[in-house]
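Right, one structure below, let's go through it.
Values below: every heavy atom of this structure, side chains too, minus hydrogens, waters and symmetry copies.
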Amino acid sequence: MTDLRPELRRDGPTDLSDVGEDTALVERIRDEARRSGPMPFARFMDLVLYDPDGGYYRSHDARPGRGGDFLTAPELHPIFGEMLARAVVQAWERLERPDPFIVVEHGAGEGALATSLLDAVRVTPLAGSIRYRPVEVDEGRMRALRDRLETAGLADRLEGGPPDAPFDGIVLANEVLDALPVHRVRQVAGELRELAVAVRADGAFGEVEIAPSTAALAERLAAEEIELVEGQTAEICLVLDDWIARASAPLRRGLVLLIDYGAIAAELYDPMRRRGGTLRAYVRHQVHDDPYRFVGRQDLTAHVDVTAVQRAAVAAGLTTIGITTQAEALMGLGIEERLREIQADPATIFEDYTLLRSALLRLLDPAAMGRFRFMVFGRDWPAGAGLDMLGYRLPGRPGRPTD
């Protein structure tokens, strides 16, 4: 299985002992497991990532970025946000230019995507109508985002209405779904078992098999016609349905654009390729398979079930506009032409061009970030209104950009 985040190595440093763990969070998890019995992994993952007093995404330490634990596309280079700006402008035009036109970004972080996207929109007809509504679980990052937009002269684009206020525009989430808590299951002696987190005699966390904590686990697999083979381990994200329903609820007209690494169910649960599942931990640009190290100090992710995303979107009243890869979406948005323009610009210095070209190789590489899925859904979307990000197909790849 190929890890899709860039700049990651499996042969990590010989010593990560200074990473440590959030000892208070570890003790709270131990207490809960001892008091209530082994907890489903989804509960453990929710605590280590989102606990208000120690979760990974609640910490003020660096997370995404070159100085953090992993890189996302917006941190890699502003060209990613510039290309998405083209998609935003086109969606606005397809909807006959509503004013205001609001972009709601979930997992907005410290504003890497917001800054590059809004900066690119400044020179388009959408400039006067666009508003940005960032959604972020950590208030410290929200303050950093506001400061960043203020420095860039873009703070007036922030939309200050209530988070559930109805709007026309786009719901955007880049690498958010992969960090939603997942249940872990395993096929044992012909039966589906769930992996739960228990406290061993030495106080360390360990896995035990329990009866499924909810019938929804088997129901999800059955709905997707998935049969795990003996000994196969897999992840199932049950909170996905509620997340998509809540995120899309305020959208009156427009698009929901979800960008993440994953696959349709038949590929995601293929026992030949992913017999052990897809759960991974990320720390200091290293990847490993132990979710019980560095509690509260490392990211945990699992590949996204694209089939489940599509089913959840339809259940939320959305229509599928198209599903394609990041490489194809960026090509459709004209990233090759933009590279040539920058190359031909006399103001472009060699170092900047080299950095851009390196970033594009990673963004488009079909063995890495280029495989990310662009999943596009609509509400009250005009019939037949095409989108450039869905109009390109890589040579040799069959089918329409909706698979």
Minimum side-chain heavy-atom gap Leu158-Pro134 below 4.5 Å: yes
Taking distance alone, no hydrogens or angles, what donor-acceptor pairs closer than 3.5 Å link side-chain atoms of residues 215-228 to residues at least two apart or in another chain?
residue	atom	partner	partner atom	Å
Arg220	NH1	Cys237	O	3.3
Arg220	NH2	Cys237	O	3.2
Arg220	NH2	Asp241	OD1	2.9
Glu224	OE2	Ala308	N	3.3

Any Thr115 side-chain heavy atom under 4.5 Å of Thr151 side chain: no
Short side-chain to backbone donor-acceptor contact, Gln232 and Tyr269, under 3.5 Å: yes
4.5 Å side-chain heavy-atom contact, Arg379 and Arg252: no
Those residues that, when tested against Ala91, pass side chain to side chain contact (heavy atoms under 4.5 Å, CB included) (two or more places apart): Phe101, Ile170, Leu255, Trp381
With Asp380 via side chain to side chain contact (heavy atoms under 4.5 Å, CB included) - residues at least two apart: Arg253
Ring pair (Phe, Tyr, Trp, His ring centres under 6.0 Å) contacts touching residues 154-178 (sequence neighbours left out): none
Stepwise side chain to side chain contact (heavy atoms under 4.5 Å, CB included) test for Leu258 and Leu177: CA-CA 8 Å; Leu258 308 174; Leu177 301 184; 4.0 Å; yes
Steps toward side chain to side chain contact (heavy atoms under 4.5 Å, CB included) verdict (Val229, Gln187): CA-CA 6 Å; Val229 301; Gln187 191 76 1; over 6 Å; no
Criterion salt bridge (Lys or Arg N to Asp or Glu O under 4.0 Å) on Arg371 and Glu267, from CA distance to verdict: CA-CA 13 Å; Arg371 290 175 59 192; Glu267 297 175 2; over 6 Å; no
Pairs touching residues 192-214 that satisfy salt bridge (Lys or Arg N to Asp or Glu O under 4.0 Å), sequence neighbours left out: Arg184-Glu207, Arg186-Glu209, Arg200-Asp202
Side chain to side chain donor-acceptor pair (under 3.5 Å) against Arg246, all qualifying residues, sequence neighbours excluded: Asp242
Minimum side-chain heavy-atom gap Thr324-Met389 below 4.5 Å: no
Residue pairs involving residues 184-211 (criterion ring pair (Phe, Tyr, Trp, His ring centres under 6.0 Å); sequence neighbours excluded): Phe44-Phe205
Arg146 and Glu139 ion-paired at < 4.0 Å: yes
Side-chain donor/acceptor of Asp260 to backbone N/O of Val304, under 3.5 Å: no
Qualifying residues under side chain to side chain contact (heavy atoms under 4.5 Å, CB included), relative to Pro181, sequence neighbours excluded: Ala42, Met45, Asp46, Tyr50, Val239
Any side-chain heavy-atom pair of Val309 and Arg373 under 4.5 Å: no
Side chain to side chain donor-acceptor pair (under 3.5 Å) against Asp119, all qualifying residues, sequence neighbours excluded: Arg122
Check: Tyr132 and Val121 side chains under 4.5 Å, non-hydrogen atoms: no
Audit row: Phe80, Ile259, side chain to side chain contact (heavy atoms under 4.5 Å, CB included) steps and yes/no: CA-CA 12 Å; Phe80 183 78; Ile259 307 169; 4.0 Å; yes
Test item: Trp92 side-chain N/O and Pro98 main-chain N/O as donor-acceptor pair under 3.5 Å: yes
Set of residues satisfying side chain to side chain contact (heavy atoms under 4.5 Å, CB included) with respect to Asp290, sequence neighbours excluded: His288, Tyr292, Arg293
Glu159 bridged to Arg131 by N-O distance under 4.0 Å: no
Non-hydrogen side-chain atoms of Val176 and Trp243 separated by less than 4.5 Å: yes
Counterpart residues, salt bridge (Lys or Arg N to Asp or Glu O under 4.0 Å), relative to Arg338 (two or more places apart): Glu82, Glu341
Residue Glu191 excluded, over 12 heavy atoms near CD under 6.0 Å: no
Beyond-backbone contact of Leu149 with Arg157, side-chain heavy atoms, under 4.5 angstrom: no
Partners meeting salt bridge (Lys or Arg N to Asp or Glu O under 4.0 Å) with Arg340 (sequence neighbours left out): none
Asp51 and Arg28 ion-paired at < 4.0 Å: yes
